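Order of appearance sets the numbers: ligands from 1, and atoms from 1 within every ligand. Counting begins at 1 with the first residue of the sequence. No experiment lies behind these values; they were computed from the predicted model shown.
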Amino acid sequence: MSTVLVLNSGSSSLKYQLVSPESGEALAVGLVEKIGEPQGILTHEVGDDETTRELPIPDHGEALRLVLGLFDEVGPSLEKAGVVAVGHRVVHGGTDYSQPTVIDDDVVAGIEALVPLAPLHNPANVTGIKVARELLDVPHVAVFDTAFFATLPEPAYTYAIDADVAKEHRIRRYGFHGTSHQYVSERVSQVLGRDDLKQIVLHLGNGASASAVTSGVAVDTSMGLTPLEGLVMGTRSGDLDPAIVFHLNRVAGLDVDQVDNLLNKQSGLKGIAGRNDMREVRSAAEAGDPAALLALAVYRHRLIKYVGAYAAVLGGIDVLTFTAGVGENSAPLRAEVVEALAFLGLAIDPAKNAVRSKEPRVVSPDGHQGPLVMVVPTNEELAIARQSMAAIA
Ligand code: ADP
């Protein structure tokens, strides 16, 4: 057996999965949280067995050492599991990295050079890569969240601003969640047995993004220079008038960091309804809370607008697919969005839509003539494991 250890390093967290790229099985799943805080938490799951540790975890090096210790102690043994590579999720690959890349010192320097484009994400990714390379003597592969969108056509990725300024500061649309959009759109093609589809994928998690994909090639996406643009998210505003930023500065007196925090952490569902978790927003709305009702309406309005826009970009639509936490689990949201898009020929079957499953599925009515609606659970870890394996082959 061969396995890949997939690592996703955040500023104060380290998520990991030991995955078999062939079977798709996750042999172990874990999370280290609150790195650098007085009390850290480590959760390591193997099947139904969960091990939890609470102790100070000063840095990512210590976090990974603890994780490797748990693999020795409670299993599965990494040696016996045949780890052949470590796959790192890296948020920003800029225009330099559009393929999974085997990591050497130059690649680490290259990812560090992209920090100005992703100041919140790439530094943590680099830290994770550095400590993992010290502790695990196998090939390491970087899989970039931007890579799938390297194919965007120039009109889709170009912002209408001063061209010299844009060039000097590498300002363009890059797109994120690419590993998920690629995995899901490929699954759709496999399930339907067609590679010539015009697809719109809605990845609706805490972060949320839409993509337009034609014959497997991404042609538009809602996230931009950063993951802030596009759909309404848990705590991010998505699209807004850029002049709001000047207004917040000149009139409300907020500085750049305060605006950054407001738009990334205090906006979206949380900004409107005070809660970023879709389940809580939905139950508050059902209880008649006006702010929650408005948050849901704004969230839906943005989705409907993007699907309409992407149908225009694609010149039609064959499949609309929902994925990630909200997309996979919220049947009411799927029904509301699809019903508003009936003019595109989309329709949803209430009974099929209500079924909960981990399998990809069509939720359009049987015999429906016209574009299909699907629910496809995403699996970024498996996609990273497979891409890492392919990169070292
Ligand atoms: P992340 O972007 O952190 O990976 P997920 O893809 O796990 O996030 O999505 C998290 C979101 O999914 C949360 O807003 C959560 O409320 C939502 N979610 C999970 N289960 C349900 C459900 N049954 N109904 C509605 N929303 C759900």
Undergrad: Are F322 and M223 linked, directly or through intermediate hydrophobic residues, by side-chain heavy-atom contacts shorter than 4.5 Å (ILVMFWY only)?
TA: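 Different clusters.
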
Undergrad: Might you confirm whether atom CD of E79 has over 12 heavy atoms from other residues, nucleotides or ligands at distances under 6.0 Å?
TA: no

Undergrad: Using atom types as modelled, flag every donor-acceptor pair under 3.5 Å from a side chain in residues 231-238 to any protein atom, sequence neighbours excluded.
TA:
residue: T235; atom: OG1; partner: N264; partner atom: O; Å: 2.8
residue: R236; atom: NH1; partner: P227; partner atom: O; Å: 3.4

Undergrad: With respect to D145, which candidate in R89, H177, H92 satisfies the side chain to side chain donor-acceptor pair (under 3.5 Å) definition?
TA: R89

Undergrad: Going by distance alone, is a donor N or O of one side chain under 3.5 Å from an acceptor N or O of the other, for T127 and H60?
TA: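 Per modelled atom types, T127 and H60 side chains form no pair under 3.5 Å.
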
Undergrad: Report yes or no: do S180 and T378 form a side-chain donor-acceptor pair below 3.5 Å?
TA: yes

Undergrad: Could you name the protein residues that come within less than 4.0 Å of ligand 1, counting only heavy atoms, and order them by chain and residue number?
TA: G205, N206, G207, N276, D277, M278, R279, A324, G325, V326, N329, S330

